[in-house]
Structures are given as C-alpha cells and as structure tokens.
> 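This is the structure I want to talk about, given as structure tokens.
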Protein chains: 2
Amino acid sequence: MSRYDPSAFPPFAVTVDLVVLTVREHALCALVVRRGEPPFQGYWALPGGFVRPDEGLGEAAARELAEETGLRAQANHTQAEAPADLVRGERARGGHAQGAGAHLEQLATYGHPQRDPRMRVVSVAHLALAPDLPAPRPGGDARSARWAPVGELLGNGAEGGVPLAFDHAAILADGVERARSKIEYSSLATAFCPSEFTVGELRRVYESVWGVALDPRNFHRKVTGTPGFLVPSGGTTTRQGGRPAQLFRAGGATVLNPPMLRPEA
Amino acid sequence: MSRYDPSAFPPFAVTVDLVVLTVREHALCALVVRRGEPPFQGYWALPGGFVRPDEGLGEAAARELAEETGLRAQANHTQAEAPADLVRGERARGGHAQGAGAHLEQLATYGHPQRDPRMRVVSVAHLALAPDLPAPRPGGDARSARWAPVGELLGNGAEGGVPLAFDHAAILADGVERARSKIEYSSLATAFCPSEFTVGELRRVYESVWGVALDPRNFHRKVTGTPGFLVPSGGTTTRQGGRPAQLFRAGGATVLNPPMLRPEA
DNA sequence: GATCCTAGTCGTCTCCCTGACGATAAACAG
DNA sequence: CTGTTTATCGTCAGGGAGACGACTAGGATC
C-alpha cells in the first residue's frame, strides 16, 4: 500500500497549546485564558491556536507565546525543527540579556479523536518556563487571561479544582510533571528566575515547584558546588530583611550531574 | 480572533513514525524499511503511516507496530489518549505473558514545513522497545525490512552512515537518546528482554544500549538490590559456558530510585 | 578425572554525596 | 544594643557506587 499517498489523506487540524509556567508568590502558576465561544464557553483553557501552513511547530508555539505574554521564546533542545533564527537554549542562556526570554520546549502531542467535539484536532503541546513577569496582564488580545496556581487548577486535594476546557487539565498535569522532574537533573530552574538572582531565590523556585521545604544550607552547598550551574555576577542584594546575598546568573551547564534530589521518601 | 474556527483551518496530514529498538548480538538495532516509491525511493526509512480519522495517536502507533512486527503493543504511560483496551505498562508487565509484547510510548512530533516535499505532514513519532524477535523477518507486507544497528544508521564516527529518508535520522537519534536516558531511571531495560532473563542478559542490554562495559559484580548488586526491579522466577539456566544463572522476571517497579548510573565521566 | 575456561555471585574497602544540624555573618527593626 | 531575619560556612554520620578480590558451578580439553 502507498504509505504517503499525497492525494488521499485524512485531513487534520493541527494546533499548539501552551503550558506556560512561572513562580509567583511562592506558588507555581500557569497561564490560562478564558474561552469566549463554544465549546467550553466561559471555561479557562490553555493558550494556543492553529499552526499556520508555512510555520514549524516550534515557531507556532513561539508565536503564540509572544502573542500571549510578550515573551521572546528561546527554543530549546528537544526534537523537531529548530528554525535557524531561534538560538538553542544552551547558547542563548549565556549570551543574551534574557529579560524577555523564556524556555520553550515541546511537551507532547494529544490527538484523541473526540478531544474536540467539532472536528479532528491534533494539538502539539509545548511547555514554557518564564520568570515572574513584571506585567501580570498577559493577554495580547481582548480575551481575559490570568496566572492561576496550578494547585488551584488541578485540585491537589479532593476536588478537581477549576475545570479546564478540552483535555487541557491532562496537558497541564503533564507539563507540571515535566517541569518538576526536569529541574531535578537540569539547570532549568534558572528559567524561572530573572537574569540575576540569589541562591535563596533559586531555592524558593525549587520549593514552589516541588511543593516542599529545602534545607537552605545543603541547598546552598549543592548549587554553588555544581560546576557550571551558577556563576557569581559580582553584586549583592539587600532585598528582604536579612544579610545581603550574592548575585548569580545561570552558568553554561544544562545538565546537573549529580542531580538535585527531590525529597519525598 | 477565533482560535478554533471549525470552517477555515489549514489541513495537515498526520502520520505516526516508529522507532522500534531491540538488542541483537550485543548491538542496539532499529527497524527500518526500504521505500519503494518516491520521494526517497530506495532509501531506508522508519516504519509508519497515516493516522486514520477514527483512531488515536497511540492506537495508530500500536497498529503500525503490529503490522510491521507482529508485536502487540503495551501502550505506556506518557501523555495523550490511552484507549481503554490497551493496558498501562505498569500493570501489563506483571500480568500477561509478554511474549509478544513491547513497550510503546510517544516520542516527539516533527512538523517542519518542508520535511515532506509533497505536502505538509506532521509526524508523531513513537518509541517502541522490543525483545529480540524470534522471527527476524519483520515486514508484514511486501516491502523489505531489516534490523539495522543504530551505529550503522547514525554513523557513530565520521560519516553519517546509511542515509535515511526525510528527517528520520533525527527522529531515530532522538529515540535512541530517549532510550539511553530512560533505562537510567526506569526499569525499561527489561522491555528488551524476554519474559525470563538473567542478570547477565540484562547487563548486556545496558552495555549494548549505552555502548559501555559494566562491572558484573556491581551491576549484580545494584539490580538485585533495587526493590521491585527484579523478582526471581525460581529457575536457572545454562546458556553459555559458565555457571548457571538465576532467572528473573521484571518486577512491578517502574522507576529506579536511586537510578542506574551511566558511566561516562 | 584433573585442569582450564567461562560466567555468576558474594564480600570488602574507600570515596563522595547527602541529610541533619550547629555556628557565624551581615543587614534591619525596635 | 538586642532581637530577628536571611545568608553562608563547617562538621559529622550514613548510604551508595566504583574498584576489585574471592569463591562457585557449569562445560571444554587433555
């Protein structure tokens, strides 16, 4: 049989959906937008949209991310096409002032036949990690958008929390789990921080994403002892009440060996 | 703007491509089929095909896997729709006689606009791990198929090895890298083994996938000491020249904590 | 049958990482 | 000056992993 018959193929709609995560007020938050039309009118949903005929999947995700948040994506590793104009994560983190940058990577693809009641839609979900935005008003267009704590969306306890449209709760759960596991063995937690940050801020990122408390002394020893994870930027800060802290920026290392251990047992 | 306009959406073709890996003669091998028509006529390619209008992505991958190898897929964790008739990996490994079973999971999605010269094709790649098949003749239909060592396909040294069709070399590379990293922190290496196997056979799986030599004594201590990884089945074997080895089957554990460490530094 | 070879299994020793936690440093609030 | 808060440095014990010796139990060879 002809495996790629160009004339007779079942047509699908292809979209990208975004799990955009940030840490706000010691809580892991996701960007959600309110749907203005059926189906799921009035429900909160992940931002996303159609992939255009002439753009790649990562490009579409970066475009949607920029439209929703103004963040310039730094397309990152993983698979698929990496357009030449998007630098790879390893180089980007070091080079640019990443004030408006965010980590972006492909998450997974969701294509259940009935996931959209109107037609066959395959959605390539992407995961974006962003520092806390100075402008909490994300939506670029008229739809309302907000940062919602993921615990609120997924329902950490008994109830399922705020119901999300389509299968977006599952997508969000997968994205959160990916972020949780990935900061274990990569330096990705720095994507939640501004370009300069303290060890304490980085520790609060880990604590917020994992939902645990970490020992400040062991954490400090670990992150400053891992080669390439952090490089001191020279300055110090006096943000909150205590002793001024040394400022760091993300080093060149992308993988952490040995990894950060998530306490749990 | 209307994000999900059902009437005007750009149509895409959606396919699944399979990275099917096995270990044969102390080498990691991938299943490739020869293309009988243009483009890339005569090239080796990954098996795959169109997703049908009424089937999910995992279903399509399982169907293609069955068509090409006769393996019954055991759809595994990760995201996306898990049809009710496909058991999840954790339960399946324990329960069934897994003689004809293989691990199957979604890998990543590739959608560069020009990846197929004829039309816009988005391919949802899947990764399958199978034990060495008794019947080395995989193809179900007329096309020729073979198990090729991945080193041969990807060109571990200077040259790029056998050229693969489309972007299949990149997909294969991603699949191999996924397998290499995943056997570190999961019990997935047992998917390369028959239902009963020895510690030595499992060690040779790790050695073949990673391309390194492991200390038999430390490996034995590690795998037998990890709770839930292996359960003794009672029997022993006298395969090759040495002392008979104890037989095991895969235990219920899916994640390895602490992980197997891939020597490298 | 004695010997060699091969592969499997058990132990030991050391090093390094981690978790637990005490102690000191440097800011600010009263 | 004293208490509070956060940052940073040190110490100590336990566990896991690498290096490697030793023993076991089969077949092959002489």
Side-chain angles (χ1 to χ4, degrees), chain A residues 25-26 183-185 193 196-208 210 212-249 253 255-265, chain B residues 25-26 183-185 193 196-208 210 212-249 253 255-265:
Chain A
E25 298 159 14
H26 216 283
I183 64 174
E184 284 188 71
Y185 57 89
C193 296
E196 288 197 335
F197 53 90
T198 68
V199 173
E201 288 168 351
L202 184 62
R203 176 169 50 82
R204 278 181 282 278
V205 165
Y206 274 92
E207 290 178 332
S208 303
W210 284 344
V212 297
L214 300 175
D215 185 289
R217 299 155 291 192
N218 293 335
F219 183 85
H220 188 277
R221 177 184 57 189
K222 172 69 178 174
V223 296
T224 57
T226 299
F229 192 6
L230 302 181
V231 292
S233 72
T236 58
T237 336
T238 312
R239 268 188 251 278
Q240 36 263 22
R243 164 177 169 178
Q246 203 177 351
L247 284 173
F248 296 86
R249 58 181 73 241
V255 298
L256 266 36
N257 211 335
M260 296 286 307
L261 291 186
R262 165 160 43 165
E264 185 239 348
Chain B
E25 298 160 14
H26 215 284
I183 64 174
E184 285 189 71
Y185 57 89
C193 297
E196 289 197 334
F197 53 90
T198 68
V199 173
E201 288 168 349
L202 184 62
R203 177 169 50 82
R204 278 181 282 278
V205 165
Y206 275 92
E207 291 178 331
S208 303
W210 284 344
V212 297
L214 299 175
D215 184 288
R217 299 156 291 190
N218 291 336
F219 184 86
H220 188 275
R221 176 185 57 190
K222 172 68 178 175
V223 297
T224 57
T226 300
F229 192 6
L230 301 181
V231 292
S233 72
T236 58
T237 336
T238 313
R239 268 188 250 279
Q240 38 262 24
R243 164 177 168 178
Q246 203 177 353
L247 283 173
F248 295 87
R249 56 183 73 237
V255 297
L256 265 35
N257 210 334
M260 297 287 306
L261 291 186
R262 165 160 42 164
E264 186 239 348

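No experiment lies behind these values; they were computed from the predicted model shown. Convention: sequence-line order gives letters A, B, ...; per-chain numbering from 1.
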> Send over the distance from B/Leu202 CG to C/dA7 C1', rounded to a whole Å.
16 Å
> Under the 3.5 angstrom rule, does the side chain of B/Glu207 hit a backbone N or O of B/His26 as a donor-acceptor pair?
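Looks like no, no N/O pair under 3.5 Å.
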> Rounded to whole angstrom units, what separation is found between the NE2 atom of B/His220 and the C1' atom of D/dC20?
17 Å
> Whole angstroms only, please: what is the CG-P distance between A/Asn218 and D/dC12?
15 Å
> Which residues pass the salt bridge (charged side-chain N to carboxylate O under 4.0 Å, His left out) test with B/Arg243, sequence neighbours left out?
none
> C/dG11, D/dA17, C/dC21: which one has an atom nearest the side-chain heavy atoms of B/Arg217?
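The closest nucleotide is C/dG11.
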> May I ask you to test the A/Tyr206-A/Arg262 pair for a side-chain heavy-atom distance under 4.5 Å?
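Side-chain contact under 4.5 Å: no.
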> Over how many whole Å does the gap from B/Leu261 atom CG to C/dT18 atom C1' extend?
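Roughly 14 Å, once rounded to whole Å.
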> For B/Gln246 and D/dT24, give me the distance from atom CD to atom P, rounded to whole Å.
17 Å
> Send over the distance from A/Glu201 CD to D/dA7 P, rounded to a whole Å.
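Spelled out: CD on A/Glu201 to P on D/dA7 is 8 Å.
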> Please report, rounded to the nearest Å, how far the C1' atom of C/dC10 is from the CG atom of B/Asp215.
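Interatomic distance, CG of B/Asp215 to C1' of C/dC10: 13 Å.
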> State which of C/dA27, D/dC9, C/dA20 makes the closest approach to the side chain of A/Arg221.
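In terms of side-chain proximity for A/Arg221, the closest of C/dA27, D/dC9, C/dA20 is C/dA20.
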> Which of these nucleotides, D/dC9, C/dT9, D/dG16, is closest to any side-chain atom of B/Pro258?
D/dG16
> Between C/dT18, C/dA27, D/dC20, spot the one nearest the side chain of A/Lys222, thanks.
C/dT18
> State the CZ-CZ distance between B/Arg249 and B/Phe197, to the nearest 0.5 angstrom.
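One gets 9.0 Å once the value is rounded to the nearest 0.5 Å.
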> Please tell me which of the listed nucleotides, D/dG26, D/dA7, C/dG8, lies nearest to the side chain of A/Arg204?
D/dA7
> Just to verify, which of B/Leu247, B/Val223, B/Thr198 counts as forming a side-chain contact (heavy atoms from CB on, under 4.5 Å) with B/Leu230?
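Only one of B/Leu247, B/Val223, B/Thr198 forms a side-chain contact (heavy atoms from CB on, under 4.5 Å) with B/Leu230, namely B/Val223.
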> Using atom CZ of A/Arg243 as one end and atom P of C/dA26 as the other, report the distance to the nearest whole Å.
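The distance from CZ of A/Arg243 to P of C/dA26 comes to 6 Å, rounded to the nearest Å.
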> Would you indicate which nucleotide in C/dA27, C/dG8, C/dA25 comes nearest to any side-chain atom of B/Ala245?
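The closest nucleotide is C/dG8.
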> Compare the minimum distances between each of C/dT9, D/dT8, D/dC20 and the side chain of B/Pro216, then state the nucleotide with the smallest one.
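It is C/dT9.
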